[in-house]
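Taking it in order: structure first as structure tokens, then the write-up.
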Amino acid sequence: MAEQSITLKTLLCERHWQTYSTFCKEYDKAAAKVDPTLRGGYPSRAQLHRWLSGELKGLPYSDHCRVLEAMFPGRTASELFAAYAPEVPAQRTAPEPTTSAGCADDTRPGPQMADVTAVFSSRSAFSAAFPPSTLFDGAKEISAAGLSLNVICQSYPDHQLKRLLESGTRIRCLFLDPAGSAIKAREDEERYTDGTLTTLTALNISMLSRLKARLTPEAAERLELHVYDETIRFNILIVDRATCVVQPYLPQARGVDSPTLVITDNTAADGLFPVFDQVFNEMWERSTPV
């Protein structure tokens with residue numbers, strides 16, 4: 001038997017509110033009407049995923065129920081968390097094309113693609129399609145974890161980084177520790193004998209540290225530099241909590257040769273965005289400030 005979709009999930013898809021950031025904005029709009037003190041009380045990304053996947057036992061807290069009922073007038077909280085029951089259409093002479101149990105939109109990736117919106121065979125192919133200016137210009141939050149983070153440190157001009165930070169953008173950079181053992185293991189794997197990765201990473205950290213020193217105190221607080229010393233598995237770039245770029249580190253191959261996935265947040269789908277968002281956040285919590 002096919003898995004039934006939760007009514008709330010279906011309604012979010014119909015209104016194109018299925019990304020986490022959009023859901024939170026709509027939640028706050030409704031909360032302001034119900035009780036202004038409830039603004040900002042939206043569920044965490046993981047909590048929303050449980051709501052939409054049908055894992056929730058019973059109903060959320062009453063305040064959540066009040067806001068959800070304001071978001072979807074005419075629907076009770078019990079109805080929103082029940083299995084979706086579409087109206088049965090009138091008999092037709094020819095059957096309608098079937099759609100997936102997720103968001104019914106032919107322009108969206110099919111179930112087999114989840115929230116992956118593009119795949120490239122290498123980082124260079126990705127960079128040709130998504131230059132740094134396309135990714136970063138106008139961004140409000142950038143989180144990056146990997147080895148040397150060249151996409152930020154070498155491919156995006158200092159003056160543009162400075163402008164972003166002084167206009168309110170928050171940037172978190174998580175480097176493989178140039179003084180640690182993991183980077184030396186990676187150099188051995190890539191067959192570098194002259195400390196190439198260590199030197200490049202230290203240079204990039206130094207470059208951002210110098211930039212930070214030139215910022216206003218408020219802007220400087222928005223540029224956070226951390227290091228970690230663990231086996232490197234992924235290069236992760238998350239922009240505005242909506243777009244995630246992921247590259248695995250392959251045995252012996254340079255990072256530029258890695259296949260690259262572009263993932264667009266679609267909280268209402270069983271996708272990869274929350275997986276890599278969690279990976280980044282857990283690495284950040286274990287890391288050390290520079």
Side-chain angles (χ1 to χ4, degrees), residues 120 122-124 126-127 132 135-136 139 141-158 161-162 164-165 169-215 219-239 241 243-261 263 272-290:
F120 298 89
S122 67
R123 184 183 300 175
S124 56
F126 161 76
S127 298
L135 289 169
F136 301 145
E141 183 174 322
I142 300 169
S143 300
L147 204 161
S148 303
L149 306 187
N150 287 328
V151 68
I152 291 177
C153 302
Q154 299 293 330
S155 302
Y156 198 70
D158 280 12
L161 278 174
K162 184 173 184 289
L164 283 177
L165 290 160
T169 303
R170 181 190 183 197
I171 301 177
R172 295 185 294 172
C173 293
L174 183 53
F175 296 89
L176 196 59
D177 190 349
S181 59
I183 198 167
K184 292 179 175 57
R186 184 63 193 179
E187 285 182 325
D188 290 342
E189 188 168 34
E190 293 191 29
R191 299 178 183 175
Y192 285 114
T193 59
D194 56 357
T196 297
L197 300 180
T198 298
T199 301
L200 176 59
T201 305
L203 175 66
N204 285 349
I205 293 174
S206 176
M207 185 274 290
L208 288 185
S209 296
R210 291 198 305 273
L211 172 63
K212 186 169 184 174
R214 302 199 306 270
L215 297 171
E221 290 182 0
R222 291 191 284 269
L223 176 57
E224 300 178 76
L225 310 178
H226 284 210
V227 295
Y228 68 106
D229 187 20
E230 303 175 11
T231 300
I232 189 165
R233 295 181 174 88
F234 299 106
N235 185 298
I236 301 174
L237 176 66
I238 302 174
V239 181
R241 301 185 184 181
T243 300
C244 179
V245 182
V246 177
Q247 300 163 294
Y249 278 89
L250 305 179
Q252 300 182 353
R254 293 192 305 155
V256 72
D257 296 322
S258 299
T260 305
L261 307 180
I263 303 166
L272 298 180
F273 191 99
V275 174
F276 289 105
D277 182 62
Q278 181 178 356
V279 169
F280 176 88
N281 288 324
E282 290 181 352
M283 290 175 62
W284 186 263
E285 290 173 2
R286 295 194 299 268
S287 65
T288 304
V290 172

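For reference, positions follow the sequence shown, starting with 1.
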task = Provide the closest heavy-atom pair for Ile232 versus Tyr249 in the form atom of the first, atom of the second, distance.
result = CD1-CE1, 3.4 Å
inquiry  = Is the shortest side-chain heavy-atom distance between Tyr156 and Leu164 below 4.5 Å?
reply    = yes
message = Please evaluate residues Asp257 and Leu250 with respect to the criterion side chain to side chain contact (heavy atoms under 4.5 Å, CB included), reporting the C-alpha separation (whole Å), side-chain torsions for both, the decisive distance (0.1 Å), and the verdict.
response = CA-CA 8 Å; Asp257 296 322; Leu250 305 179; over 6 Å; no
Nearest heavy atoms of Leu135 and Val239, plus distance in Å = O-CG1, 3.4 Å
ask   = Are the side chain of Tyr228 and the backbone of Gly146 linked by a donor-acceptor contact shorter than 3.5 Å?
value = yes
ask   = Would you call Lys184 and Glu187 a salt bridge, taking side-chain N to carboxylate O under 4.0 Å as the test?
value = no
message = Would you say CD of Glu189 has more than 12 non-hydrogen atoms from neighbouring residues, nucleotides or ligands within 6.0 angstrom?
response = yes
Contact check, side chains of Val245 and Val151, non-hydrogen atoms, under 4.5 Å = no
ask   = Taking C-beta and beyond as the side chain, do Val227 and Val290 meet within less than 4.5 Å on heavy atoms?
value = yes
inquiry  = Could you tell me if the side chain of Asp177 sits less than 4.5 Å from the side chain of Ile183, heavy atoms only?
reply    = no
key: Any side-chain heavy-atom pair of Asn204 and Leu149 under 4.5 Å   = no
request  = Keeping the roles fixed (side chain from Asp229, backbone from Ser181), state whether a donor-acceptor pair exists under 3.5 Å.
outcome  = yes
query = Under the side chain to side chain contact (heavy atoms under 4.5 Å, CB included) criterion, do His226 and Trp284 qualify, and how do the steps go?
reply = CA-CA 8 Å; His226 284 210; Trp284 186 263; 3.5 Å; yes
request  = List the steps and the verdict of side chain to side chain contact (heavy atoms under 4.5 Å, CB included) for Leu237 and Ile142.
outcome  = CA-CA 7 Å; Leu237 176 66; Ile142 300 169; 3.9 Å; yes
ask   = Is a donor on one side and an acceptor on the other found under 3.5 Å between the side chain of Ser258 and the backbone of Pro248?
value = yes
ask   = Yes or no on side chain to side chain contact (heavy atoms under 4.5 Å, CB included) for Leu161 and Leu208, after CA distance, side-chain angles and deciding distance?
value = CA-CA 9 Å; Leu161 278 174; Leu208 288 185; 4.0 Å; yes
inquiry  = If you count heavy atoms of other groups shown closer than 6.0 angstrom to CZ of Arg241, is the number above 12?
reply    = no
request  = Please report the C-alpha distance between Ser143 and Arg172 in whole Å, then the side-chain angles of each, then the deciding distance to 0.1 Å, and finally whether the side chain to side chain donor-acceptor pair (under 3.5 Å) criterion is met.
outcome  = CA-CA 5 Å; Ser143 300; Arg172 295 185 294 172; 3.1 Å; yes
key: Student check: side-chain heavy atoms of Leu215 and Lys162 closer than 4.5 Å   = yes
task = For the residue pair Phe136 and Ile152, establish whether any side-chain heavy-atom pair is separated by less than 4.5 Å.
result = yes
Shortest non-hydrogen contact between Thr169 and Ala139, atoms and distance = OG1-O, 2.7 Å
query = How about Arg214: does its CZ atom have over 12 heavy atoms from other parts shown lying under 6.0 Å from it?
reply = yes
inquiry  = Testing the basics here: between Ile238 and Phe276, what is the closest heavy-atom pair and its distance to 0.1 Å?
reply    = CD1-O, 4.3 Å
